[in-house]
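Numbering starts at 1 and runs along the sequence shown. Any value given below was found using the heavy atoms of this structure, including those in side chains, with hydrogens, waters and symmetry copies removed.
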Amino acid sequence: MTDREGDREGDHRFSDGDGFDDAYEEFDLDPPELAVDPGKVDPVDSRVVTDTLDDQNIAKDDVDAEELLDVGLNYMQINRYEQATDAFERTAQFAEDERVEQEAWVNKGVAHAELEEYDAAIGAHREAINIDDSSEHAATAETNLAYALWEFGETSQALDHAERAVEIDDRFAEGWYNRAFFLSERGLAEEALHCIDNAIRLGMRNSKILEEKAEILEELGEYDEAEEIADEAIEMRERAEQRVMEERREMQGESLGDPRSQSQSQPQRRQGRQDGFDMADPGQASDRDEEDWRLE
């Protein structure tokens with residue numbers, strides 16, 4: 001019999017002790033920051049941990065809200081709308097400047113609309129309006145709210161908010177275009193024509209708006225003028241397509257050369273959307289003298 005077998009035959013001896021006299025605290029791997037009431041947390045909310053850690057560990061002074069806003073806008077440019085909504089929500093959470101917070105809510109609404117989440121888009125635009133209903137971003141929020149309400153089936157409310165947009169800023173070209181669209185859909189062609197002409201006078205002249213004007217003219221029985229406008233819209237679209245093709249060829253030529261020669265432009269902040277195209281900052285359409293246009 002070997003020594004190893006002999007060891008197995010004997011009982012192992014353990015140290016004699018008196019056990020634990022007092023109750024001891026339970027051992028937990030989770031940090032105290034995550035000690036949340038499970039009754040108040042939605043089990044399918046995947047952001048609850050992140051939000052809790054944000055509140056506990058990240059001070060507002062440590063976050064540059066404007067840089068975070070740019071992150072969201074960059075996500076928008078590459079069609080990563082879900083990530084954009086998260087970035088804009090964080091921006092609104094940490095922004096100390098109300099204008100930055102409002103812009104974040106407007107863009108969050110746009111991202112939700114891109115995802116066809118119109119209920120969430122409506123909520124985001126209402127949040128923006130609640131911050132300041134007469135600021136530079138309020139008109140954009142109102143017109144985007146009108147678009148989301150229209151898609152959500154609230155057509156009567158949509159027209160109300162489209163009208164509110166141009167009341168806030170009567171030089172907001174996209175607001176006039178939205179109002180024209182909603183009026184036309186309700187059969188108010190004459191009023192719609194005045195609105196769309198105002199949008200064109202304010203610098204919003206592209207194939208889409210000309211097509212809309214042509215349809216309104218047809219409703220009014222102005223067939224000759226409608227045909228002329230429709231032809232202009234076709235020519236404008238063809239020119240735009242040609243420019244896109246030329247830009248693509250230029251980009252392909254650059255990619256074959258020295259990559260260091262390629263420059264990257266700064267992302268432009270865009271907010272608001274109407275029927276599939278981005279709307280620029282409302283201030284951009286108003287940088288002209290009063291004599292250059294007149295509303296009807």
I need the minimum non-hydrogen distance between [X] and [Y], along with the two atoms involved.
X: R205; Y: M236; answer: O-SD, 4.0 Å
X: A173; Y: A199; answer: O-CB, 3.4 Å
X: N206; Y: I209; answer: OD1-N, 2.9 Å
X: A121; Y: A148; answer: CB-CB, 4.1 Å
X: F182; Y: A162; answer: CD1-CB, 3.5 Å
X: Q102; Y: D132; answer: NE2-O, 2.7 Å

Tested for ring pair (Phe, Tyr, Trp, His ring centres under 6.0 Å) against F181, the lone hit among W150, W176, Y147 is W150
Within this structure, what is the [atom1]-[atom2] distance for the pair [X] and [Y], rounded to the nearest 0.5 Å?
X: E114; Y: Y81; atom1: CD; atom2: OH; result: 4.0 Å
X: L73; Y: I78; atom1: CG; atom2: CD1; result: 12.0 Å
X: I234; Y: L210; atom1: CD1; atom2: CG; result: 11.0 Å
X: R126; Y: N130; atom1: CZ; atom2: CG; result: 8.5 Å

Can you check side chain to side chain donor-acceptor pair (under 3.5 Å) on E101 and T91, steps first, answer last? CA-CA 7 Å; E101 181 184 359; T91 303; over 6 Å; no
Assess whether atom CD of E98 is packed by more than 12 heavy atoms of other residues, nucleotides or ligands within 6.0 Å.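 No.
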Could you please spell out the steps behind the side chain to side chain donor-acceptor pair (under 3.5 Å) verdict for H161 and E142? CA-CA 5 Å; H161 287 281; E142 289 282 3; 2.6 Å; yes
List, one per line, each side-chain donor-acceptor pair under 3.5 Å for residues 212-222, sequence neighbours excluded.
{"residue": "K213", "atom": "NZ", "partner": "D197", "partner atom": "OD1", "Å": "2.9"}
{"residue": "E219", "atom": "OE2", "partner": "S184", "partner atom": "OG", "Å": "3.4"}

Should E103 and K108 count as an ion pair when the cut-off is N to O under 4.0 Å? no
Given E241, E235, Q242, the one that forms side-chain contact (heavy atoms from CB on, under 4.5 Å) with R239: E235
Examine distances only and state if a side-chain atom of D170 and a backbone atom of V166 form a donor-acceptor pair shorter than 3.5 Å. no
